[in-house]
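Right, one structure below, let's go through it.
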Amino acid sequence: MPTTPAPGHFERQHERLDALLLAHLLDVAGADFVSALQHLQQWHRSLQAHIAIENSRLLPHVPEGARWAARVYLLEHERIALLAEEYIARVQAVARQAPPDETARRRAVLMLLDAAHALRHVLEHHHEREHTALAHELPEDVQEAAWRGVEGS
C-alpha cells in the first residue's frame with residue numbers, strides 16, 4: 001500500500017497558520033467580532049514570526065539558479081504583511097463598535113469575509129510557491145534548523 005509522504009516543514013507551518021486563520025473566519029461567520037479579533041491577532045503574531053524566520057533564516061540560503069529568487073519571496077512577504085494590516089484595521093473597527101442591528105451585523109460579516117478574500121488568495125499562492133519550489137531547493141538541515149523549536153515543527 002503506497003504511503004503519503006509526511007508533510008515537510010513549510011507544510012506544517014502553513015497548516016498551523018491556516019488553522020489559526022480559519023478559527024478567526026469561523027468567528028466572523030458567527031458574528032463574534034471580539035473573538036474574531038482575538039483569533040486574528042493570534043494569527044497575525046504567528047504570521048509575523050513565520051515571516052521573520054523565513055526572511056532571516058531561510059531566504060539567505062536560496063541557491064543561485066533557484067526557480068524564484070529570494071527577492072520574490074521577500075516582496076510577497078511585504079504584500080502579505082500590508083494586506084494583513086489593512087484587514088486587521090477593518091476587524092478592529094467592527095469589534096470596537098458592534099453593529100446596531102441584525103442587518104448591520106450581516107453586512108459586517110459579509111464585508112469582513114470579502115475583505116479576507118484578497119489576503120487568503122495571496123497567502124494561498126505564496127504557500128504554493130514555497131511548497132513547490134523553496135521547500136525543495138533549500139537543504140533539509142537549513143530548514144530543520146530554521147524551524148527548530150517552532151510550534152508545529
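Residue numbers run from 1 in the order of the sequence given.
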Just distance, no hydrogens or angles: give the donor-acceptor pairs under 3.5 Å from side chains in residues 54-62, sequence neighbours left out.
{"from": "Glu54", "atom 1": "OE1", "to": "His77", "atom 2": "NE2", "distance (Å)": "2.6"}
{"from": "Glu54", "atom 1": "OE2", "to": "His50", "atom 2": "NE2", "distance (Å)": "2.7"}
{"from": "Asn55", "atom 1": "OD1", "to": "His77", "atom 2": "ND1", "distance (Å)": "2.6"}
{"from": "Ser56", "atom 1": "OG", "to": "Ala52", "atom 2": "O", "distance (Å)": "2.7"}
{"from": "Arg57", "atom 1": "NH1", "to": "Ala146", "atom 2": "O", "distance (Å)": "2.7"}

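Taking the ring axis of Trp68 as reference, the NZ or CZ atom of Arg129 stays within 45° of it and closer than 6.0 Å to the ring centre.
When all heavy atoms of Gly30 and Arg105 are compared, the pair lying nearest together is O-NH1, 4.4 Å. Contact detail for Ala29 and Val109: the closest heavy-atom pair is CA-CG1, 4.2 Å. Contact between Pro99 and Ala108 at its shortest, heavy atoms only, is CG-CB, 3.8 Å. Of all non-hydrogen atoms in Tyr87 and Leu112, the two that sit nearest each other are CE1-O, 3.3 Å.
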Going through the distances and angles, do Glu86 and Arg90 end up as a salt bridge (Lys or Arg N to Asp or Glu O under 4.0 Å)?
CA-CA 7 Å; Glu86 290 172 353; Arg90 288 179 181 224; over 6 Å; no

May I have the step-by-step check of side chain to side chain contact (heavy atoms under 4.5 Å, CB included) for His24 and Val91, ending in yes or no?
CA-CA 10 Å; His24 157 74; Val91 175; 3.9 Å; yes

Test side chain to side chain contact (heavy atoms under 4.5 Å, CB included) on Gln38 and Asp27 and set out the steps.
CA-CA 10 Å; Gln38 291 168 345; Asp27 286 340; over 6 Å; no

Let me see the working for Arg96 and Phe33 under side chain to side chain contact (heavy atoms under 4.5 Å, CB included), right down to the final yes or no.
CA-CA 9 Å; Arg96 250 192 322 270; Phe33 302 118; over 6 Å; no

Would Arg16 and Arg12 satisfy side chain to side chain contact (heavy atoms under 4.5 Å, CB included), going step by step from the backbone distance to the final call?
CA-CA 6 Å; Arg16 188 174 64 83; Arg12 284 192 300 274; over 6 Å; no

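Residue Leu74 is not grouped with residue Leu119 when hydrophobic side chains (ILVMFWY) are merged at heavy-atom distances under 4.5 angstrom, including chains of intermediate members. Linking Ile, Leu, Val, Met, Phe, Trp and Tyr whenever their side-chain heavy atoms come within less than 4.5 Å leaves Leu82 and Ile88 in two separate clusters. Residues Val122 and Leu40 fall within the same hydrophobic cluster, defined by Ile, Leu, Val, Met, Phe, Trp and Tyr side chains chained together at heavy-atom separations under 4.5 Å. Connection of Met111 to Leu113 is established within a shared hydrophobic cluster, with ILVMFWY side chains joined at heavy-atom distances below 4.5 Å, either directly or through further cluster members.
Atom CD of Gln97 has 12 or fewer heavy atoms from other residues, nucleotides or ligands within 6.0 Å.
For the pair Leu17/Trp43, a side-chain contact is recorded, criterion being any heavy-atom separation below 4.5 Å from C-beta on. Side-chain contact check for Leu123 versus Leu21: some heavy-atom pair is nearer than 4.5 Å. Within the 4.5 Å cutoff, no side-chain heavy atoms of His39 are placed close to those of Leu26. Side-chain contact between Leu37 and Gln92 is present, with heavy atoms from C-beta onward closer than 4.5 Å.
Gln143 contributes a side-chain N or O that, together with a main-chain N or O of Leu138, makes up a donor-acceptor pair within less than 3.5 Å. A donor-acceptor contact shorter than 3.5 Å links the side chain of His14 to the backbone of Phe10. With hydrogens and angles disregarded, no donor-acceptor distance shorter than 3.5 Å links the side chain of Gln42 to the backbone of Leu20.
Comment: Glu76 does not engage Arg79 in a salt bridge, judged by the lack of any side-chain N to carboxylate O separation of less than 4.0 angstrom. Using a cut-off of 4.0 Å between Lys/Arg side-chain N and Asp/Glu carboxylate O, Arg120 and Glu124 are scored as not salt-bridged.
Separation of atoms NE2 (His9) and CD (Glu11) is listed at 9.5 Å; rounding is to 0.5 Å. For the atom pair NE2 (His117) and NE2 (His121), the distance works out to 6.5 Å, reported to the nearest 0.5 Å.
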